[in-house]
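We're numbering straight along the sequence, starting at 1. These numbers come from the heavy atoms of this one structure, side chains and all, not from hydrogens, waters or symmetry mates.
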Amino acid sequence: MPGFVDLNAILLALLSAILFGASTPASKALLGDLTPFQLAGLLYLGAVIGVSPRLFLERSRGEPPKLDAANRRRLAGAVLLGGIVGPLLLLLALRVASAASVSLLLNLELAATALIGVVLYREHIGLRGWAGVAGTIGAGSLLAARGGPAGVAAAALAAGACVCWGFDNQLTALIDGMSPARCTFWKGIVAGVTNLALGVSLVRLQAEPTTILAALAVGAVSYGASIALHIAAAQRLGATRTQGIFASAPFFGAAFSFLVFRESFGGTELAAGGLFLASVALLVLERHAHLHQHAADEHLHSHRHDDGHHAHEHSGLPVHTRHSHWHTHEPLEHAHAHPPDLHHRHVHEK
């Protein structure tokens, strides 16, 4: 019905953010017995375990289409930057700074994603969006200055991780014909095996079996299960609203860090946290609208039939039900407010 609020889907998105936020303090604790390479590998192998049930369900519905060369390159870039380099930089940051500060610094990911979209993919950002980008950079600078040389180093490492994940977000948004679960599976397999192999070759694995199992469990829950919950919520709320709720993950990470490690959380952290929160809100609320054209296209992705872009019909399927299948788009011209999603990767003419 019009105006209906899907509270269950909102709770799924919130739980996804809570689980991912918990990964930062959990990783900080595990770094005492594992090197950053070893832990990054175990976390992503754990993600494979966490996302495997959903992938099995998808495969039971039919064999997925094969990726073309362009999409394989995008997947490779996402795996390299988002699955190997990014997590390693994050874990190195956790070695020199508090988990609470690093958690808050992860808000830079949203700003990095936006900047990369503008510079490389010609996305449009208005005054509100630029204010959000400036606010996140300002908040990160506050935290870096607060920590002295170690804080600056941690901020640089965390910012580097966020840039890697910004590229990851842009590349995975362009992958056509692969579900989020399948993308996560391949990212987890390749990144997990690569990082773990590098970690073991550099330093002998000396952690106890219980520590290794704990790392896999953190990966399964905070990476794999979190992603599965995020997907489930996005199918009912839409990607934009879900991402807005998921942006709370760094704040949950900071809260968990304070509760678990009793880390100091003074005026600087509170000011930076407030500035981050306001900046994230500005970026999430950024919208624009104009007359634009859609060329004919064929692809596979999650969609619903009341979004103005999917006019094909299914017998007995309500128009508001989100689902995935291979489908064809006829040429279309219209105007409406839209984010830079799979259907709106066009150049905005000012």
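L205 has its side chain within reach of I212: a pair of non-hydrogen atoms, C-beta onward, lies under 4.5 Å apart. Taking the side chain as every heavy atom from C-beta outward, F20 and L229 never approach each other to under 4.5 Å. You'll find the side chain of I84 stays beyond 4.5 Å of the side chain of L88, heavy atoms only. Side-chain contact between L89 and C164 is present, with at least one heavy-atom pair separated by less than 4.5 Å. Residues F276 and P250 are not in side-chain contact: their nearest non-hydrogen atoms beyond the backbone lie 4.5 Å or more apart. Proximity of Q206 to D33: side-chain heavy atoms (C-beta onward) are nowhere separated by under 4.5 Å. When side chains are defined from C-beta on, F37 does not count as touching V203, because their heavy atoms never get closer than 4.5 Å. Residues P36 and R95 have side chains in contact (heavy-atom distance under 4.5 Å, counting atoms from C-beta outward).
To the nearest 0.5 angstrom, L196 atom CG is 8.5 Å from T35 atom OG1. Here the CG-CD1 distance, from L45 to I189, works out to 6.5 Å after rounding to the nearest 0.5 Å. In this structure, the separation between SG on C162 and CG on L157 is 11.0 Å, given to the nearest 0.5 Å. Note that CZ of R182 is 8.5 Å distant from CG of L75, once rounded to the nearest 0.5 Å. In this structure, OG1 in T136 is found 12.5 Å from CG in L104, a value given to the nearest 0.5 Å. Here the CG-OG distance, from L57 to S52, works out to 12.5 Å after rounding to the nearest 0.5 Å.
When every heavy atom of L91 is checked against every heavy atom of L31, the shortest pair comes out as O-CD1, 3.5 Å. Closest non-hydrogen pair, P87 versus Y44, comes out as CG-CE1, 3.3 Å. Minimum heavy-atom separation, S103 to A254: CB-N, 3.4 Å. The two residues S257 and P25 have their closest heavy-atom pair at OG-CB, 3.6 Å. Considering every non-hydrogen atom in both A158 and L105, the closest pair reads CB-CB, 3.9 Å. L39 and S27 make their closest contact through CD2-O, 3.6 Å (heavy atoms, listed as atom of the first residue, atom of the second, distance).
In this structure, L34 is a member of the same hydrophobic cluster as V193, with clusters built from ILVMFWY side-chain heavy atoms closer than 4.5 Å. When hydrophobic clusters are built by joining Ile, Leu, Val, Met, Phe, Trp and Tyr residues whose side-chain heavy atoms come closer than 4.5 Å, directly or via intermediates, L55 is grouped together with L67. Cluster membership for L30 and V102, using ILVMFWY side-chain heavy atoms within less than 4.5 angstrom, is shared. The hydrophobic clustering, which links ILVMFWY residues whose side-chain heavy atoms are closer than 4.5 Å, places V218 and I49 apart. The cluster map of Ile, Leu, Val, Met, Phe, Trp and Tyr, joined by side-chain heavy atoms under 4.5 Å apart, puts L171 and V119 in the same cluster.
In this structure N195 satisfies the side-chain hydrogen bond (donor to acceptor under 3.5 Å, both in side chains) test with no other residue, sequence neighbours excluded. The side-chain hydrogen bond (donor to acceptor under 3.5 Å, both in side chains) search around Q38 returns none, not counting sequence neighbours. L277 meets the side-chain contact (heavy atoms from CB on, under 4.5 Å) test with F251; sequence neighbours excluded.
Sorted by first then second residue, the side chain to side chain donor-acceptor pair (under 3.5 Å) pairs that include residues 207-229, not counting sequence neighbours, are S16-S226. Sorted by first and then second residue, the pairs that involve residues 70-90 and meet side chain to side chain donor-acceptor pair (under 3.5 Å), not counting sequence neighbours, are D68-N71, N71-R74.
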Side-chain donor-acceptor distances from residues 109-117 under 3.5 Å, at least two apart:
{"from": "E109", "atom 1": "OE2", "to": "N169", "atom 2": "ND2", "distance (Å)": "3.0"}
{"from": "T113", "atom 1": "OG1", "to": "E109", "atom 2": "O", "distance (Å)": "2.8"}
{"from": "T113", "atom 1": "OG1", "to": "N169", "atom 2": "ND2", "distance (Å)": "3.0"}

Starting from the C-alpha separation in whole Å, work towards a yes-or-no answer on side-chain contact (heavy atoms from CB on, under 4.5 Å) for L80 and F167.
CA-CA 10 Å; L80 174 63; F167 277 107; over 6 Å; no
What do the steps show when you test L15 against L19 for side-chain contact (heavy atoms from CB on, under 4.5 Å), and what is the final call?
CA-CA 6 Å; L15 180 56; L19 293 177; 4.2 Å; yes
Stepwise side-chain contact (heavy atoms from CB on, under 4.5 Å) test for D168 and K187
CA-CA 11 Å; D168 182 10; K187 184 186 295 185; 2.6 Å; yes
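Judged by distance alone, with hydrogens and angles left aside, the side-chain atoms of T194 form no donor-acceptor pair with the main-chain N or O of A191 at under 3.5 Å.
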